Every structure is written in structure tokens, then in C-alpha cells.
Engineer: 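Here it is, the structure in full.
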Amino acid sequence: MPREIPKAYEPQEIEERWAKSWFDEKLFRAENSGDGAPFSIALPPPNITGSIHIGHMLEHTQIDMLVRWHRMRGHHTLWLPGMDHAGIATQFVVERQLAKEKLRRQDLGREEFEKRVWQWKAESGGVIKDQMIRLGASCDWTRERFTLEPALYRAVIEAFLRLYREGLIYRGRYMVNWCPRCQTAISDLEVVHHERAGEIWNIRYPIAGSKEFLVVATTRPETMLGDTAVAVHPDDERYQRFIGKSVMLPLMNREIPVIADTYVDREFGTGAVKITPAHDPNDFEIGKRHNLPQIDVMTSDGHMNEAAGKYAGVERFAARSRIVADLTELGLLEGVKEHMHAVGVCDRCKSIVEPRISTQWFMKMKPLAAPAEKVVREGLIEVVPENQRTILLQWLENIRDWCISRQLWWGHRIPIWHCADCNEMVPATDSRVEIVEGHARAAGVPTKCPKCGGEKLTQDTDVLDTWFSSALWPFSTLGWPDDTEDLRTFYPTSLLISGYDILFFWDVRMIMMGLHLSRDRITASASMGEGSSQRNQGEAFRQGSQGESVRQGTASVVPKGVAGSGASAPEGALGGRSFSSDISLAARGALAPEDTLASSVPFRRLYLHSLVRTAEGAKMSKTKGTGVDPLQLTQQYGTDALRYMLASMAAPGTDIALTEDRILGARAFANKIWNAARFLFVNLEKVEANGFTLDELAAPEIRAKAPYPVPGEGALAHRWIFSRLASVAAQVNDALENFRFHEACQTIYQFFWGDFCDWYIEWVKPQLANPNREIAVPAWRNIFAALDAALRLLHPAMPFLTEELWHKLPQPAAAHSIALDKFPEPRAEWTDVGADDAMATLQEIIVSLRNIRAEMKLDPKKKVAADFSSRGLTLRNVIQENLDPLLRLASLSELRVSKDHLDPKSGAVRSTAAFDLRIAYGDAVDKPAEIARLKKEIDRLEKDIESKQKRLADDSFTSKAPGHVVDALRATLVERQIEHRKLQDRLNELL
RNA sequence: GGGCGACUAGCUCAGUGGUUAGAGCGCUCCCCUCACACGGGAGAGGUCCAAGGUUCAAGUCCUUGGUCGCCCACCA
């Protein structure tokens, strides 16, 4: 065992060594954990694009603490890691790289481009994994998954096909959010709104065949080129006479009708609205109601198209300026005002999003939301903190259909083929995948159109939103759709820990998909893609929009083909895209039975952790340079310190502002732990000379039998520290059970630094050097056992340091790691109320004596005599029994114990209700200072006594408050009165 | 427009109706005592944003207001 322990804790070498060892040994394989109840948790898969940031580290620290805690408590524990292909984000990164070579992805072509992305993934996709390993995440890396790997690709196809057959996925032409930079549709959630000062223009639209105008207001003049109507409120008296007439659309010279629609707000602007059904969600709806044509005036990259007449080819914002200028010239611009409004931008590239009509794939959300709502409402998924539960439920109530198709090349390609002859949509025959050049693609390629027999089938070019595959993560990673051992063992997962910022993107969608899909698995006997669902799925979708039985087996089903697509699709995308729900409440009542729901939730508990912010409270941002690199902090302060700092600040529901002094504090703590252990080993060397061996003092079987009785004066501290251990273990268990990481940290911190170091070690130091084996051996045994327990308590938060120190203690030959050791149990037989009380009193006495010394400015090295007085015989006995440590810790030469009055004139006195202490004045007596102190104290006590007396005099208090509260108050009052009298007497004697 | 959160010591934050509201850092004084100066000891420091209300009892629950922050939202 290495004995050269450096004075200051140097984490770097230790951490790197253990991180590598844990990984190489596959220490955290689920198979290495205990055989208790399963505890499973899926890592929120980081995007392959990035590197670990401090937010990941917070998340991983919290997950890791719980995972390690469960593992140490013997649970069959799995933390399943993996990465997300992050479609749009990754494509964005690789496109940027291409741009440096002056290339666009179109120049490469789809296949080449995909190769480039894979290549890039091979180079940089492993960064996060390496970082996680380095930071000590105790994942089962043998089960690592990637959303685009074959097995998960297959799960995605399977999920798509099922949902498609059920009519829950449909295709149609609707208003979507279009990013002209990324050139793809994006979901509502990927549009972020920024309040901006823009302009609103008032434009005159001449009434056809008249000199009058209708003035409309717009913030986007360029869209006017696609106007197909002007709308007014039907009851608006100003415009009644124009309804049914038409106006001449300026610049385009197109005659468009004036229509009446109650959507129009008479109070806003001029009360007349231009209607552009192809470029505005509301106008889209109005357009449908009034059968207006939809004129798309833009290209996919944000330029005006040929429908824009002379503006064709002009970039959208350039067109805006030109149109405003042209209107001005024509005298048709009535005015322009500054106007605050929310501009939607692409979450990824920050381009202004263009609402646009396009043919996309959508998922009906209402039918999926109903069961999700039920499980959350009924607590089958527990959401912490509580307010996030409300937010989640509100979002589910207002859910709208999800645009799941992306015009990207990096992702899961939609498993639908289009017939060139009749436009029929033909789904993949099954969910099989084949590996081509190392990567998966759908293998169930249909060869013949079932409708027209045509053989010219081409696969849909769109890919699925990244979040579609993420939504399957908890079960796809465990082998779904196959009925695997892992799925049976670890699904539903026990817990999901995620940031609240992806609650809607991910967490909720997992709940919906999990409830809908996870129950139907393919048994091992069935071949890939040919299984069928065995269990009754419940009736949820029997009464779905198609009004027919849609829940059927996996591959045996004749595809429903166009169900839910085209004209028969539910109304609207944006705006009205709210799936006019015919899943009624009655249908909700026919949801699957509780136990089935309970066994198909993706996770039983959901904990939304806080976000890390800068010291100023702003969101961290790489572009602003306010992001913090956790690996750099790790280099500087140590991983354990950083982990501890993050955990100690992770109070549920509040964001974390990162400050350096907290990290310094955590580093000091790590150092403290290191040095406490160092103390033991350094001193052990000294006694080894006397024939002691580490094994006899600290072998596992020796530690197991602690505490050992220590004869004579030293017994108390030993009884007390084990009593503390029991209580601390219970508190930590309780805190971790409730995600109160900060509380767990604080409890351990106070135990280790305060109880273990400041009191216990100081108390028993002389015993360890005692030549009498009868004393030294049990003392050593106890302190090693206590240290060992403390390390195990600390391990979930500070894995490296504790692993290192644990290995310095003798461990069973088979033991690999503290991570597989047991978490300390709150052992009832360790609880010792008598020791707790006695110790508390002794501590109080010692602190009081030190206080007197400090106030008297006595030389710290000089030992002085003191007097102790108490009427309590028990207390006096406690003093006598512990006189030796007491004298030492209070730096006294002697303590005279009596029950006599202590004269304050000859020394400085401190009193509690139970005892008095006095240290005789030496040369200098600062009487005025003592009198001032007494007066202040008396004043405080008087106020306190008064308030207590008042409350006790109140009948309503004594009659209504619980008895123990009243009794406690009475008891305290008596104590205060005694203290007060003592102080008053002393003051009188001094005056 | 809706919703959520925060406001407690100089700073950053805990605080789960019930004795005298806590921690870390910082500050003051003392100590380089043989594990640790990333240390030890002793202190100072708070009308818990404001005003009402509920309650025997409010930092804690309710209402209103203020300041700051965040999320959601199709008012041109």
C-alpha cells in the first residue's frame, strides 16, 4: 500500500487512472451490479455535434449520484448511455465545414454527403463519450447506443409504420414553419420567438372601380404579392359597404375580393387585413374558409419566385425594401410605425422563419396526448418539481400536431415509397433494415404498387425529425421492438433526469410514444419485422379518427395506405392544425387499464433539473463566450470538486449561477477529505513501529464489527460518531430519494468536516498513540471503520477521491471498487441518544470556554484553569468521564467541577440554564466590555422571554396548538428565565 | 396576451407552518499547534421586497402591488 501521500490533494493523475480503469474493466455493466430490484435510467443522449458543457455535467453528476447510490444499495442497476444523431444540428455543422471548401451539400449529392457526415461522426462523435468517461459517469458502455445505428433505425421504421397504419401519421399540404437557411420545415418547438422592434406599414389598396382605398396594415409587405383577399369584420360599420366588392392589389394589379371574417380584430390597426393564405397561418385558415387561392410567392431559400412578378429572384428582405419604395412612389403607402412584435427564428441557425405551405408529414398528437395526460395526472409518472407537472399538463392540453418530416439528408429516411404512376404511397413491407457500407437503411422495400401495380416506386426523400427517434429512446435502446431480456428487466425505466428546457421536445414525446408503442413487442421466436402484437392494446384507437379498428399486428397488416393523408387529413397544420379531436372524453375513458399503462410508461419518475447560468444569471452561450468548459474546470480544481459543487447547488427548481468561490470551497472539501485520510495513514506508520498492522485495525471483517468499545474516558466520541453515521445515512438516503442533492451534500459535508474531522479525530487523537493496546486497538478500528463508511457516503458525489482512498484500506480480494461496495445503512443499533446529548453538551462547554479565552485574549498556547458548576449530577459525571479530551480541546490546565456559585468578580463567566463556566481573570480585566456584553445578552433574553410569556398567556394558543409545541415552549421559557436570572445576578455583582 | 419562477446576512444561495432563520464565500480578531493555511479557533452581520389577509402560530399559506428573470402564444 502506497504510503507517500502528498500533502495537498492532486486529483489529476488519480482521476485519469480510475476513469480508465473503470472503463477498461467494464465495471458499470449492469451485470456487475447487485441482484436487487432493477434501477434503470437512460442517458439523455447528447448530440454528436458537441462536447460536454457544464449543463451536461450538472445533469450527469445528478444522474451519476443516483445511479451510484442505487448500485451501492444492491439494486440491479443500469445507466444506459448513447448519442443522438441530431439531424439538423449535425447537418448544419458538416455543411459549415463544406462551406470552408466552398461546397454545398448539393454539390456532393445525398450519398456523398451522408458519407461525409459519417466520416465526421467517426472523428468527433467520440469526444463526448471520452469526456463522460473522464468525468466519471458510471454508464454501462457495453450497452451504448446511437440513434442511427441499425437496431434503432429499425425501431424508428417500426414505430413509423405502426403509427402510419393507425392513421396517426399522415401526409399533407399545410402551413409549416420553414427555415430558408436550413431549407427544411421545422416544428413549432424549433421556432423561437424574439420580441423585436419592427415596423408596421399601412398600405392603400384601391377599391376596384372607385377612388376609395382600403388601408391594410402589415409587418411583412413582401407577402402582399401573394394576397388573395382583404378581410374585414362582418359587423364593422366602416367597411360594410365594401364587403363583396374587390380591391386592386397594388404592384400586382390583381383584383382580389373583400371578404368578411370574424377573425379580424376591429380595434387593431385599420381593421382591414390583407390575406395571404400561402404565407401566414391565420390567413391560411381564413383562406380555407373562404376558398381563396394560395399563391406561394417565395422560393425555398427565401427569395421571391416567379409568382412575385417583377420581384422574382429578389431576396425576401430586399424585396420588402423595394416594395415599400415602390409603394411610396405610387403614393400607396399611407404610413409606417414602429411596432413591437415577436419574430420567429430558427432555433438552429437563427434565420427568420417563413410560414409557408408545403407538403409534409405530421403526427396526430391529441390521441397520443390523452394517455400521457392520464399517467401524469394519476401519478403513474411522478413529475418533480411539482410546477413542471402543471406546465407539462397544460402543454398536453393545448397540443397540436407535430410536423415530423425534415428536408434534410442526415437522419432516418421516411419508410414510404411513392408510385410514379398513380402517386399511391406505399409503406415499407416491414421494419427490417439492411446494412449498406456499414450503415442501416430500410430493407422492406416495396416492389409493386398495390393500387395500380406500377413498379416505379421511389422512397420519400424526407427524413424524420431527430426527436422522433429520441422519443423511442427508453425502449429502442433496450431492444424494442423485440421482446428482449433487457426490455423485460429494465423497462419501464425507473427515472428520467432531464433539463426542463427539453420537456416538450423530448420528455413528453417519450411518454406518448412509450405508452403507445412499448407494449407491443415481437417475441424472440418471430423473425425480425414479422412478429405481431400479442397483447390487447386497449381500445384507445378503436374509436380513432377513422372510426375503425386500427390496432393490428405489426407486419401482417395490410397498410391503410392513404389513411390520414391528403384531403382526408385532419384540418390544418399551423393555426388550425389541431386535429379536430374526435378522440372524445368517452374514448379516453376507454384507455388501457391502469396496470398496462403503468407498465408501458417510459419512466416512472421524471426529474427536471435546473440549468446552469453564468454568474450574472444569463444563459450560457458559446457564441457569447460565456460558456464554461467543464473539462477546463476539472483540470483546475478536480472533477470531484466540480461534481460536488454542482450537486451542492442543485436544489430542485432553481437555476444555478456558476461562481468560482463555490468551486474553491468544494476543492477545499476534497482536500480536507484527502488530509483526514492522510492523517490516519501517517499516524498508522508511527504505531506500526509498535507492532500494529493495518490488517488487524482495518480489515473488512474487522470494520464490519465496529464500533468497538473503548475503555475509560475515550468511549463517548466513538459511540457518538457511529450514532451520527446512522443519522447521516438516513438523511442522505432521504435527500437522494427526493432529488435533494444539495441537502445530501450539505449533510455529508457537515458530517465529514464538522463531526468527523473537527470533533472525532481531534477527540481520539491521543488514543491512537496510546501505548496501551486495549485503548489504541479499538480506537483505531473505529476510526478506520468510520472513515470507510464516510468514504462510501461520499462516493456518489465524489467518486474518484473516494475510490482512491478506499483502495488504501484493506479490501476483500474480490472487491474491485468502492462503487460496488455497500452504501452505509442507517443502522438502528448505532443510534445512541445518550451519546448524542452528552457530546452536544461537551461541545457547548468547549465552545464556551474557547469563547471566554478569545474574548479575554488569552495566549492560545497558555493553558489555564477553569471552573465548572452545575446542579446536575449527571452532567458533572459526564464532565468527569470526559475530562481529558475536554481539557485538551479547551486548552485548560484543569477544570474544577462543583455545584457552587461562581463569583463573576474574579473571572469571566458564561452560563446556560444547565451550567456555569468561569475562567479567572489574569492581569487585565476588561470590566466595561463584560458589562456591555451582559447587558446586550440580557436585553435579548428579555425580549425573548416576554414574547414567550405572551404566547403562553394566550388561551387560544395553549388550547389549540399541539401539546408538544406548548410543552416545548414552556420548557424553553424556563431555561431562558434561568439564564436571564444568572446574567442579571452577575451584572449586579459586577456593577 | 397567458403561465412560471425569484426577491432571506456584504456576495451566492438553503430553509418540508411550530424554540433564538441557516450554509459556503467574504469580513473582524487570534493562531504557520507535529493531517490539512485548500488549515484551526472565536466573532460580527438579517424590520426574510411591500401592504393586506388566513392561522393559536407565517420567511413558509392566500390576495394585491413592486422589481428582475424565464417559458408559452397565429393579433395583421
Side-chain angles (χ1 to χ4, degrees), chain A residues 5 7-9 175 188 193 200 216-220 231 263-265 267-270 272-276 280-285 339 341-342 344 355 387-388 390-391 394-395 398 500-501 503-504 574-576 611 613 615 617-619 637 641 648-649 651 653-662 664-672 674-683 738 740 742-743 746 749-750 757-758 761-762 847 850-855 857-861 891 940-941 943-944 948 951 954-962 964-966 968-969 971-973 975-976:
Chain A
I5 303 178
K7 200 165 159 180
Y9 175 53
M175 180 67 52
D188 297 345
H193 295 273
I200 186 163
V216 301
T218 182
T219 53
R220 296 187 299 152
Y263 160 77
V264 179
D265 179 355
E267 310 299 318
F268 190 89
T270 59
V273 190
K274 62 189 274 306
I275 302 297
T276 323
D280 182 277
N282 296 307
D283 295 6
F284 178 81
E285 288 307 305
H339 181 64
H341 61 138
N387 69 308
Q388 296 289 344
T390 316
I391 293 170
Q394 279 175 3
W395 191 78
N398 301 313
Y500 60 78
D501 53 335
L503 175 63
F504 307 140
L574 274 180
L611 302 183
R613 299 182 180 281
K619 238 182 179 171
Y637 304 104
S648 72
M649 299 196 68
T654 43
D655 286 347
I656 295 174
L658 204 62
T659 56
E660 199 184 357
D661 57 5
R662 287 296 287 238
L664 285 170
R667 185 185 66 169
F669 184 40
N671 190 56
K672 187 73 182 180
W674 182 257
N675 274 292
R678 184 166 174 267
F679 163 79
L680 290 189
F681 291 114
V682 167
N683 280 278
N738 295 296
R740 306 182 63 79
H742 66 299
E743 212 170 86
Q746 203 188 340
Y749 182 98
Q750 280 173 353
C757 292
D758 291 346
I761 289 184
E762 294 305 326
V847 168
R850 286 170 177 170
N851 173 270
I852 301 175
R853 294 183 57 109
E855 298 232 331
K857 301 201 192 305
L858 294 180
D859 180 354
K861 288 182 213 89
S891 203
R940 195 175 60 81
L941 277 172
K943 280 185 189 142
D944 188 46
K948 285 187 169 54
R951 282 171 65 193
D954 186 347
D955 285 344
S956 56
F957 170 69
T958 46
S959 61
K960 287 187 185 172
H964 71 273
V965 173
V966 179
L969 191 66
T972 315
L973 175 61
E975 274 186 35
R976 296 289 175 275

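Please read all numbers here as calculations on a predicted model, not as lab measurements. Protein chains get the first letters and strands the later ones, always in sequence-line order, with residue 1 at the start of each.
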Engineer: Provide the distance between the two P atoms, one in rA21(B) and one in rG26(B), to the nearest whole Å.
Structural biologist: 25 Å

Engineer: Any heavy-atom pair between the side chains of Val216(A) and Val273(A) that's under 4.5 Å?
Structural biologist: no

Engineer: Suppose we define a pair by two distances each less than 3.5 Å, Watson-Crick or G-U wobble; what does rA23(B) pair with here?
Structural biologist: rU12(B)

Engineer: Can you identify which nucleotide, out of rA76(B), rA35(B), rG18(B), has its nearest atom closest to the Pro962(A) side chain?
Structural biologist: rG18(B)

Engineer: Looking for any heavy atom pair under 4.0 Å, which part of the strands does Asn398(A) touch: base, sugar-phosphate only, or nothing?
Structural biologist: nothing

Engineer: Determine the interatomic distance between P on rC34(B) and the same-named atom on rG41(B); round to the nearest Å.
Structural biologist: 15 Å

Engineer: Do the side-chain N or O atoms of Arg662(A) get closer than 4.0 angstrom to the phosphate oxygens (OP1, OP2) of rC25(B)?
Structural biologist: no

Engineer: Given that both distances must come in under 3.5 Å, which nucleotide forms a Watson-Crick or G-U wobble pair with rG69(B)?
Structural biologist: rC4(B)

Engineer: Are OP1 or OP2 of rG15(B) and a side-chain N or O of Arg740(A) less than 4.0 angstrom apart?
Structural biologist: yes

Engineer: Does Asn675(A) reach a base, just sugar-phosphate, or nothing at all? Heavy atoms under 4.0 Å.
Structural biologist: base

Engineer: Go through rC72(B), rU19(B), rG18(B) for me and flag the one nearest to the Phe504(A) side chain.
Structural biologist: rC72(B)

Engineer: Remember a base hit wins even if backbone is also touched, and classify Arg940(A) as base, sugar-phosphate or nothing at under 4.0 Å, heavy atoms.
Structural biologist: base

Engineer: Would you indicate what Ala668(A) reaches in the nucleic acid, counting non-hydrogen atoms under 4.0 angstrom: base, sugar-phosphate, or nothing?
Structural biologist: base

Engineer: May I have the distance from Ile761(A) (atom CD1) to rG39(B) (atom P), rounded to whole angstrom?
Structural biologist: 15 Å

Engineer: Give Asp265(A) one of three labels, base, sugar-phosphate or nothing, depending on what nucleic acid heavy atoms sit under 4.0 Å from its own.
Structural biologist: base

Engineer: Hey, does the side-chain of Glu743(A) have a donor or acceptor N/O within less than 3.5 Å of a partner on the base of rA23(B)?
Structural biologist: no

Engineer: Have a look at Arg667(A) and say if it touches a base, only the backbone sugar-phosphate, or nothing, with a 4.0 Å heavy-atom cut-off.
Structural biologist: base

Engineer: Which whole number of Å gives the distance between the C1' atom of rU63(B) and that of rG18(B)?
Structural biologist: 24 Å

Engineer: Examine rG43(B): is either OP1 or OP2 under 4.0 Å from a nitrogen or oxygen in the side chain of Asn851(A)? Give yes or no.
Structural biologist: yes

Engineer: Looking at the side chain of Lys948(A), which of rA35(B), rA14(B), rU19(B) is the nearest nucleotide?
Structural biologist: rU19(B)

Engineer: Can you find a donor-acceptor pair, distance only, under 3.5 Å between Lys672(A) side chain and rC36(B) base?
Structural biologist: yes

Engineer: Answer whether the closest heavy-atom distance between the side chains of Ile200(A) and Thr218(A) falls below 4.5 Å.
Structural biologist: no

Engineer: Base, sugar-phosphate or nothing for Ala968(A)? Non-hydrogen atoms, less than 4.0 Å.
Structural biologist: nothing

Engineer: Has the side chain of Asn282(A) got a donor or acceptor that lies under 3.5 Å from a partner of the other kind on the base of rC74(B)?
Structural biologist: yes

Engineer: Would you say His339(A) places a side-chain N or O within less than 4.0 Å of OP1 or OP2 belonging to rA76(B)?
Structural biologist: yes

Engineer: Can you build the contact string for nucleotides 57-63 of chain B? Use B for base contact, S for sugar-phosphate-only contact, and - for no protein heavy atom under 4.0 Å.
Structural biologist: -------

Engineer: Give me the distance, rounded to whole Å, that separates rA57(B) from rU19(B) when you measure between the C1' atoms they each carry.
Structural biologist: 12 Å

Engineer: Looking only at atom C1', what distance separates rA76(B) and rC71(B), rounded to whole Å?
Structural biologist: 24 Å

